[in-house]
Amino acid sequence: MLDAGRTGETLLEVNNIEVIYNHVILVLKGVSLSVPKGGITALLGGNGAGKTTTLKAISNLLHSERGEVTKGSVMYKGERVQDLDPAALVKKGVIQVMEGRHCFEHLTVEENLMTGAYTRHDGRGAIDADLQMVYDYFPRLKERRKSQAGYTSGGEQQMVAIGRALMSRPECVLLDEPSMGLAPQLVEQIFEIVKSVNENEGVTFLLAEQNTNVALRYAHHGYILESGRVVMDGSAADLRENPDVKEFYLGMSDEGRKSFRDVRSYRRRKRWLS
Amino acid sequence: MELLNNILVKPFVDMVEAPDFLMQVLWEGLVSGILYALIALGFVLIFRSSRIFNFAQGIMVVFAALALVGFHQLGVPAWISVILSLGVMFVLAVSIERVVLRPLVGQPDIILFMATIGITLFLIGFGELIFGGENKVMITEELGIPTGEFIFEPFGGFLLLEQKDVTAVVVAAVLVVALLLFLNKTRMGRAIRALGDDHQAALSVGISLQTIWVLVWFIAGIIALVTGIAWGARAGVSFALEVIAYKALPVLMLGGLESITGAIIGGLMIGLLEKLFEIYWGQPLLGGNTETWFAFVLALFVLLFRPQGLFGERIIERV
Amino acid sequence: MMDADAGYVTEDGRQIGGVLMEMKNITLRFGGVVAIKDISFDIREGEIRAIIGPNGAGKSSMLNIISGFYTPSEGAVWYKGAPRPAMRPYEVARMGVARTFQNIALFEGMTVLDNVMTGRLTHMNAGIASQALWWGKARDEEVANREKVEEIIDFLEIQAIRKTPVGRLPYGLKKRVELARALAAEPSILLLDEPMAGMNVEEKEDMSRFILDVNDEFGTTIALIEHDMGVVMDLSDRVVVMDYGKKIGDGTPDEVRNNQDVIDAYLGVQH
Amino acid sequence: AELYTPNLAYRTGPFAALGIPLMNGQADYMTLLNERDGGIGGLPVNFEECETGYSTEKGVECYEKTKGGALVTQPWSTGITLQVLPKTNVDQIPILAPGYGFSPMSEGGTFQWAYNPPASYWDGAYMILSDIAGGDMANLKGKKIAFLHLDHPFGKEPLPLLEQMAAEHGFELVPIPVGLKEMQNQSAQWLQVRRERPDNVIMWGWGAMNSAAIAEAVKTKYPMDQFYGVWWAGHDPDLAAVGAEGKGYKSISWSMPQPDSALMAEIKEKVIASGKTQTTEDQLNSVFYQRGLVMSMILAEGIKAAQAHTGNAEITPADLRWGLENLDITEEKLAELGMAGMVPPFATSCDNHTGHSGGWILEWDGEKFVQASDLLQADQSVIEALAEAKAAEYAEANAPWPVNDSCGG
Amino acid sequence: MLYRTSGQFKTSYTADMALFPVRQDAILLAIILAFAWVILPLTASEFAFQTLLIPILIYSLTAMGLNILTGYAGQLSLGTAAFMGVGAYACYKLVTIMPWMNPVVAILMSGFFSAGVGVMFGIPSLRIKGFYLAIATLAAQFFLVWLFEKWAWLYNYNASGAIQVPNLDMFGVTVAGPTADSMTQYYVVLAIVSLMTMLCINLTRGTLGRTWKATRDMDIAAELIGINLMKSKLTAFAISSYIIGVSGALFVFMWRGAAEPNLFDIPLSFRILFIAIIGGLGSILGNYLGAILIVGLPVILNTLPQTFGLPISSATVEHLNIMIVGSLIIFFLIIEPHGLARLWALIREKLMIWPFPH
Ligand SMILES: Nc1ncnc2c1ncn2[C@@H]1O[C@H](COP(=O)(O)OP(=O)(O)OP(=O)(O)O)[C@@H](O)[C@H]1O
Ligand SMILES: Nc1ncnc2c1ncn2[C@@H]1O[C@H](COP(=O)(O)OP(=O)(O)OP(=O)(O)O)[C@@H](O)[C@H]1O
Ligand SMILES: CC(C)C[C@H](N)C(=O)O
Ligand SMILES: [Mg+2]
Ligand SMILES: [Mg+2]
């Protein structure tokens, strides 16, 4: 079951891309990944490793941040998608849930969800059905559907953002840090939802996560990014067993979980080169 | 004492003594208010969809009106001129989106604001180059707008309503209702509002900035044409018209930058109050011409109590 | 173990002092929404106090009340045994309360160094003339405070990015710069709103280290909101648990961890 | 060599519509001289324009830019005239402001470098009042006269005279300023007119202000025959826009179009036909176009006088100053120039920089302006006394101000 | 290469805080100063003084004042010209009431009047933010210009309603008025502008500057870390208006020679705003770059048709000018929204690492 995603065809492929911000800041130095259809792929790595940048490079949202892909290519279903505008990509089924929630503050929760259906033309009925589906996944949103999104709590906003993406009936969701700032219970809940959407609707996920622990429990496959390069990849199960990953990303030493009080040295050396 | 009397008593006595005149003052205020409101509407629409404070709305009014008159001067029938001018406004919307907005996506508000001032200058120069700087007469009759007047004789005095002003009021009302429905009840309208909150997020859900912006600027162009016809019918068409666009600013602030209702109510309030103030206080006590600043001071005063304007969206301040 | 006035000694032998700040029956309403409902708890000198609870429980709001950004609808904040009069947030900051923010609130247009220097504004008071001439007091102050700030920069290991505009920094570093800015004020109480959100374990370890060191070295009292139970349980001396505006638990990490209400409302499973 | 006589013109902005025909007239006259006579005294005239848009700021820039080789400065705005006035004293360049500028400029002893022939604004105001009074100022007593004016140096210019006259002849003067920005929207001003019910409205308007005022007057149902304008407020198209409803509107004028004059024939032949002009056919017989011709004629005659005086074709600004001070435009001279009847005869002198030609009332008959009075004259004893006083005041406020006492006066 | 910084080490914080941590910058400045103080005055024509040098300096100063408020403290102002007007009228009243006063002293004093008025109109900024605040400055803009027109005392009841600069002497030299020499005026302006620039640099890099920038970047956070927003905003309004007032006095007394109220109307405000924004908000250098561009451009555009002998009428040139200025504003905003100063910084950064691309 865990490796379910690996067997299928490749949905999304990133070949050796390089990204530069503001014409001077080189952030991605040749990143390649492939996302198998129907799987959950995790993109792990520390702060500033370039996870968000990678996702934005795929969804073509870099432009408005003065960033550009200067080398390499992004292929979706075997087709080059780099030069599409983000809207066209959404129509093709790739949608991104941005880091930091990004709700439409002044729209109500329900209106927020409805904007997700913007690119759809399959009729009111189908859209309403999907709205119902999102409410089923996130009952809390149904309660707050008339509130302005700007006034909902962090967790609720995260749900709105994910729900909104689902409203577009995507084939592939790029999920950026879904767990950030969420209560532990909610983190589990959101990942459970990701999992069931993945299983029930066959939606492919590429998720960038800091919370390695949870991510590797739900993902099928993982990539580890450091300073703009992929330094390691493998199946989630393999990664979980890797001693470096254990020490640096899962906070486990050989004796099991360390207490945060006991970490004494600030700098530790990794065994791989970044 | 004398002064207090002049400020607090005499104006009201005057109002009561000549009610027909008061009504005329109110009507004049109402009509200019509607016209301010029309300009403000164009602003609001663009502001909602892009947080761009579109300073060029005023010159768009002039430009649309000039195009209309210009086509007609070339011998094109009036209604075809209207269609051609709409075409011009569409081309303008597309060019602005292409040349100015697209490269400036995501820049701070003030930069986009500056860019619209750049557009304003460009259009002034360009407009004068092709249409010439002279005053033109709006083709009111050719468009079938009634030019007569209604004369009433209330309280033994007289009240004169020009039919073209009445038409302007009616058209404005229709336009507002249509816009409100469009923004609140349609998919596009929702997308426009979403875009105003967060460009990036809007992009990420597949709302195409380009389409929406062209659409919105085009609608603003249509509003500009309507405004241009209405104002032009009153005062002729010339570049001096552009300065009335400044009046739309306090209207916006007073009503709230993102509110259609605000634009209308703000426009009416400012139109009425500034006229009343000018006639009953400004002219007798302050040497006149208070209309240059009254609207701004009024708006400022209101903002002190409601920083987001009367109908503006509450500013969400959280940390 | 807990003496009301004299404080207590922690398991690892640190002496915790008397009550520094006390929230008394705080209620906070926004229009019809009750964000906080009659909550009381205290923070002792030298203590690391955690506030946890589900999203929207009112934790950040509580912090905002402490730092003067929100005024409670009912109840009051007591500071050093006396109710704190109504004051503007900057006056609260000048009393020695510093904080970081849940959604990073750095000054994006400034360099890291300048950001941290703003943290010391409460310690600088040269006149405008002196500043304009860059002479006398202003100049001396600038140098003296710069030294202080450099210490903090060293301490948090952000030397390399001193002159970088913060807008360009990755998230984790921004959080660290925010901590630096708060520390620069040399606060007596430091409020941290989810300092480790969005970090991986390695970075959380670093951050934990910094927090513990601040507490150790400067004796700074710390109130902290955090969703990572590992961190909360390991670092804090006492924990308050909020749930939709109500307090549902208060005590040592162990007590809280085993509180059934807390498990139901927040933890989901036992941690 | 050439005679460089730059013109600070405006063909853009809200004042362009009225400026253009005037400036076309000016330019065409010079073109005619260049085409027909090879210029003046054998030297071609360079009548370059510098665009000001009627903005004082731009005007001063243009003055600075052109003053290098210029024989004269023609500011084309009272505001600009006032601002360059002190500078011309230093730069020693004559200002030629035909029919505009500061009325006390007639005091040649004080304003040695400034000329406003053939008539000043005070002349104009006086003539209008005398037409209202039907020749006897005593009739003004008890009247209420509104003075609708551009809130700009130009509009304020006749105020001292009007105030003095009001005090002296016992009529009530109600000044109604129109801000530059409200020119096009005068509803407040006309509401005031409606409230005050003045017996007459005198308008000192320019640019888009005029058409708006005339339209509002029609709308307010103000009796048109009680509505008077200065000579810059009598632009044919402005009235044509209201057509018959404007019937009775009057404007004082020191010029009169003469469509059948010899000059017009020559202009048509040598300038219009050869296309060396921006003039359009329909402008030719308008009041403003033909007034433009007169304005350039005054300058050309000044140059001729200077050339005759010095015996050189090439003259200096100081020579031209002499020329402008010794203009003698007689009936015969006008006939000789083919301009009979286009302007009343006048002469200037060291002490009299204006000439005070007097003027006619032109009245809109529903289609065109027609002459509606004999030549009117302002009472120079009144005007001169006031001008002297104001000139002295000016000199004192701007001390040290060079005054030439040798003119007498 | 030119900007290689290797070999330049700093050993103390004082050295690091010096104005020019990079030696090449200091050299460049020295060259510019030599130009401004010696070479330009010796070679410039009257035309150059009047149409380029003096206005560029004065506009730079005004833009600097605006930049303090908008670029550093983040409070958008659309009323700059009116505050220049306050300075100009104050100066006019000072020199006409007290003709013995040293004109430079009068100019520097007139800034205090505009500072006062500036603070008054700044008070709403405590509640009103962003574009809404622009309304307060617009209220100032329109109200003050109206006042300049209606309050005859301000212009000594002159018939024209304009103020006219009388001849003013300082130590026996005429520095203002119709007979003043352009070079003298240039030096007076240069001295005042240089002094003000120095003060501004110091203010913006010190405590106050940080207070302002913090207010600009995130006012809520600023207040929560101990910044008194009221003080921060009002000092910004005061200092900014002071500088703008002084520049307004210079504008009329050292350059235009006369002014009528509508000179201080909104187009002038916008011109200053252009200079500040195209130059770069939050930069001192930018004001100069912006002023050079905005003042120089029309001069060049105006001379172009002549030099190429194109038969374009002056009106057409004017129209084209407006169009071109409008387009260039957009163009510069697009190539670098943060202004010419940022563009220069990027070039400088590239020069430092040249010939390596990243
Ligand atoms: N708009 C931008 N301009 C300049 N540099 C940027 C920009 N956005 C990101 N960067 C830089 O790119 C690098 C990678 O950033 P990115 O946001 O992709 O990291 P990340 O892996 O998502 O980190 P985090 O976990 O903190 O979100 C960082 O060093 C960051 O400073
Ligand atoms: N300024 C405000 N106006 C209206 N409602 C507010 C405001 N600030 C907070 N709230 C509401 O108060 C409640 C508590 O919010 P708060 O931000 O304190 O939650 P939290 O415990 O910090 O949650 P999280 O863990 O998601 O950050 C929420 O329902 C929120 O919507
Ligand atoms: C020169 C005139 C034609 C313009 C304006 N009437 C003035 O005197 O200023
Ligand atoms: Mg990220
Ligand atoms: Mg929170």
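Side-chain atoms are counted along with the backbone in the values below, which use heavy atoms only and exclude waters and symmetry mates.
- Between D:V178 and B:N289, the shortest heavy-atom contact is C-ND2, 4.0 Å.
- By the 4.0 Å N-to-carboxylate-O rule, D:R194 lies too far from B:E28 to be salt-bridged with it.
- Counted within 6.0 Å of NZ on D:K219, heavy atoms from surrounding residues, nucleotides or ligands total more than 12; the atom is thus considered enclosed.
- Minimum interatomic distance between B:G287 and D:P177 (heavy atoms only, all atoms of both residues): O-CG, 3.7 Å.
- For a residue to count as touching a neighbouring chain, one of its non-hydrogen atoms must lie under 4.5 Å from one of that chain's; by this rule B:L35 does not touch chain D.
- Atoms CG and CG, from B:L276 and D:L191 in turn, are 10.0 Å apart once rounded to the nearest 0.5 Å.
- Highest contact tally toward chain D, considering only B:E291, B:Q24, B:E278, B:E149, is held by B:Q24 [criterion: heavy-atom pairs under 4.5 Å].
- Using a 4.5 Å cut-off between heavy atoms, D:D238 does not touch chain B at all.
- Summarising the geometry of B:W231 relative to D:N185, their closest heavy-atom pair is CH2-ND2, 3.5 Å, with the distance given to 0.1 Å.
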Could you please spell out the steps behind the side chain to side chain contact (heavy atoms under 4.5 Å, CB included) verdict for D:K221 and B:L160? CA-CA 10 Å; D:K221 308 227 170 296; B:L160 182 145; 4.0 Å; yes

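- With respect to chain B, the highest number of heavy-atom pairs below 4.5 Å among D:A188, D:S187, D:G179, D:A212 belongs to D:A188.
- For D:K390, the NZ atom counts as loosely surrounded, since its 6.0 Å shell holds 12 or fewer non-hydrogen atoms of other residues, nucleotides or ligands.
- Both the backbone and the side chain of D:Q189 come within contact range of chain B, each with at least one heavy atom under 4.5 Å from a heavy atom of that chain.
- By the 6.0 Å contact criterion, CD on D:Q226 is enclosed, its count of non-hydrogen atoms from other residues, nucleotides or ligands being greater than 12.
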